[in-house]
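Each chain gets a letter, A, B and so on, in the order the sequences are listed, and its residues count up from 1.
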2 protein chains.
Amino acid sequence: MQIIRVDTPSAKYNVFAGSGLLETLAQRIEKSVGRLPRRVFVVTSPEIWDSWSTLFLRSFSEPPIPLFLAPGEQHKTMASVERLTREMTRAGGDRGSLLIAFGGGIVGDVGGFVAGIFMRGIPYVQVPTTFLAQVDSSVGGKVGVNLPEGKNLVGNFHHPRAVFADVGVLDTLPDRELRAGLMESIKAGIIRDRALLRYMEEQAEAILGRDSKALEKVIAASIRMKAGVVNKDERESGLRMILNFGHTVGHALETVTRYKAMLHGEAVAWGMVAALSLGHRRGTITTSQLDRLESLIYRYGPLPALKLRAKKIVAATGSDKKNIGGVRRFVLPLGIGDAGVVEDVTPVELEAAVTYMLEKAKASK
Amino acid sequence: MQIIRVDTPSAKYNVFAGSGLLETLAQRIEKSVGRLPRRVFVVTSPEIWDSWSTLFLRSFSEPPIPLFLAPGEQHKTMASVERLTREMTRAGGDRGSLLIAFGGGIVGDVGGFVAGIFMRGIPYVQVPTTFLAQVDSSVGGKVGVNLPEGKNLVGNFHHPRAVFADVGVLDTLPDRELRAGLMESIKAGIIRDRALLRYMEEQAEAILGRDSKALEKVIAASIRMKAGVVNKDERESGLRMILNFGHTVGHALETVTRYKAMLHGEAVAWGMVAALSLGHRRGTITTSQLDRLESLIYRYGPLPALKLRAKKIVAATGSDKKNIGGVRRFVLPLGIGDAGVVEDVTPVELEAAVTYMLEKAKASK
């Protein structure tokens, strides 16, 4: 097991990554939070609860109260938040209650937001069950829901008291989701961690074969990268923005396809290809670096085909939440293991990069 | 004009109380927030906007975008929050936008909560238009909405960048609302400020006659009391709880009458009578102190009649949000100008105090 420390102005907590965490959860939570309160709620999905509730409940002397969120972005809404807070009230929840978010990224985002606003905020812990949630969304305190007008438009910063990333629960994760999640680890490597990149190049077979030691290593390194960034810039005033590498075009792909054609990690993978191409054109990475990084992305594919027009994708980048006062921000690779934010990317440049990506998407079939 | 400083671990800002603030608002906001952003939103009620928009808009070179919240507790909901955030998104709001909450307590609570969660939090200022909002809800950072199960069950702590309490806008405030709001100033006096109490005793005529200097003095003193408490205990772990003096029974009265029979301040006024009676029985205030404080409360009446049974009111105190893990907290007066929180009030004691209050409510007719 590895322990990664998150240490920001507003919160200090540990992220645990390893095997065998789930069956010892109650004691581990008590170590982080103190004695369990009268009411402990578990926000989870029916699928996850079906597969894992027995193991989850094993360590609790008094079983927590499960509250369910149906899977899918269409349930990441204010309506779900209201329903969950009402259920908690009716089940006797109060300011001293504890919430456990046990599921993928959506469960973590919604559960964390519920914890953030129920009775003006109660403590919670994250027990992420997808690779993506383990390496990305469960760490950093960003929680929230979508509006019909866009993703994550409503939410807040509410850090968990602890995060338990159990490699074992990935057993039930579909292969496609694992591969998509690993794209965020590749992102971590590209922007901040050359050693992780090399490890993912050399150990691709073990990682994709779900060797638990290899997975633990990738998960822990990815979390460590994110925690390091969040520790320095909790509120995304500067550095934290580099975590959005690949996400400008990635989000645009998701918007244009209405979140139905691909997984988030897959969209980010194509977005990274576009961002690498843009960096290459600007000379911030060399041709051989471009080739190396692209190869790594494809190694963890396959990526979905894209039947889209470049202009439409470029237009969809305009509504990015990172844009403030009309300024368009973009994260560029700087060699291998570094990245920076620029504000002067033109629509023409963006279109060229997107066109490059679309050609690759054609060739990859 | 008086300036009161709020200085908590998470926020530092000024509260301005006086005349002529509204017509110079834009410049005053810029002094507190910096240059106004591209999108400035005003959450307000149709009534307030009808009466005051001309004066409000006078100082803005570019008019802010008004968003409306219909009056009444029934609109203090998650549905209103979602609608407002969607309207802001469609009107081009982004992370750099500013929100102005311009109205009574409900507008402030909903507007502040919208600012707290839109794009994970944008800056806002409070421009309260009722006496109650000026002395109480606009200061301290508590924002949120109701659930069908109870009041203020969902929300967060999101401090404004500044508060502008303009005595002039109270001109359109109905007399009953002014009197009800003044009950929170009496509360301020009872728990922390003997000088304010004396002033309210001596200057009752000027205050109720809306003399602007007298009102400014009461408003500023009330805010100063609250700010002093919030500065020491932002998150209500201890001291801040004394602000709930009169509110245990007050909230129960509101619950039992479904918020339809009386104004918040009126319910608190009766709740203070009950709390004074309880203190008197315990010997924390003398008989002459009880008489003096009760007289002051009635001087700022009339208070509404109560046709209720004591047992029902006592039962309704059980669901108070301040109760954690089943412990019932109660704020007791300690002489004049001081108060403390106890956890050992029995239902029998509470019933005796409520019975005392109900008898007074009969006699006062």
Side-chain angles (χ1 to χ4, degrees), chain A residues 9-10 35-39 77-97 113-122 141-158 235-237 318-327 329, chain B residues 9-10 35-39 77-97 113-122 141-158 235-237 318-327 329:
Chain A
S10 70
R35 204 163 64 85
L36 293 180
R38 266 164 84 234
R39 293 281 182 276
T77 59
M78 288 287 267
S80 293
V81 169
E82 180 167 21
R83 177 181 56 78
L84 290 166
T85 54
R86 293 185 63 184
E87 288 176 6
M88 286 166 67
T89 308
R90 290 198 294 261
D94 64 25
R95 286 184 188 180
S97 299
F113 188 42
V114 165
I117 65 174
F118 180 69
M119 304 265 171
R120 293 202 184 90
I122 61 169
K142 280 190 182 181
V143 293
V145 297
N146 305 329
L147 292 179
E149 285 74 14
K151 290 234 307 174
N152 297 320
L153 292 179
V154 163
N156 59 7
F157 287 86
H158 187 51
R235 293 287 172 132
E236 198 162 19
S237 46
S319 63
D320 197 305
K321 196 157 80 263
K322 273 82 199 173
N323 300 330
I324 301 180
V327 174
R329 287 157 203 268
Chain B
S10 70
R35 204 164 64 85
L36 293 180
R38 266 165 83 234
R39 293 283 182 276
T77 59
M78 288 287 266
S80 293
V81 169
E82 180 167 20
R83 176 180 57 78
L84 291 166
T85 54
R86 293 185 63 183
E87 288 177 7
M88 286 165 68
T89 308
R90 289 198 294 263
D94 64 25
R95 287 185 188 181
S97 300
F113 188 42
V114 164
I117 64 176
F118 180 68
M119 305 264 172
R120 293 202 184 89
I122 61 169
K142 281 190 183 181
V143 293
V145 297
N146 305 330
L147 292 180
E149 285 74 15
K151 290 235 305 173
N152 297 320
L153 292 179
V154 163
N156 59 6
F157 288 86
H158 188 52
R235 293 287 172 133
E236 197 162 19
S237 47
S319 62
D320 196 306
K321 196 157 81 265
K322 272 81 198 171
N323 301 330
I324 301 181
V327 173
R329 286 158 203 268

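- Only the side chain of A/T89 comes within less than 4.5 Å of a heavy atom of chain B; its backbone N, CA, C and O stay farther away.
- Most heavy-atom pairs under 4.5 Å with chain B: of the set A/G92, A/G116, A/S10, A/P148, this distinction falls to A/P148.
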Between B/R86 and B/E82, is a salt bridge (Lys or Arg N to Asp or Glu O under 4.0 Å) present by the stated rule, with each step listed? CA-CA 6 Å; B/R86 293 185 63 183; B/E82 180 167 20; 5.2 Å; no

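- In this structure, the side chains of B/F113 and B/H158 stay at 4.5 Å or more apart for every pair of heavy atoms.
- Contact annotation for A/V143: only backbone heavy atoms (N, CA, C, O) come within less than 4.5 Å of a heavy atom of chain B.
- Pairing each heavy atom of B/S97 with each of B/G93, the nearest pair is OG-CA, 3.4 Å.
- With B/V145 as reference, B/V81 is the one residue of B/V114, B/N152, B/L153, B/V81 to meet the side chain to side chain contact (heavy atoms under 4.5 Å, CB included) rule.
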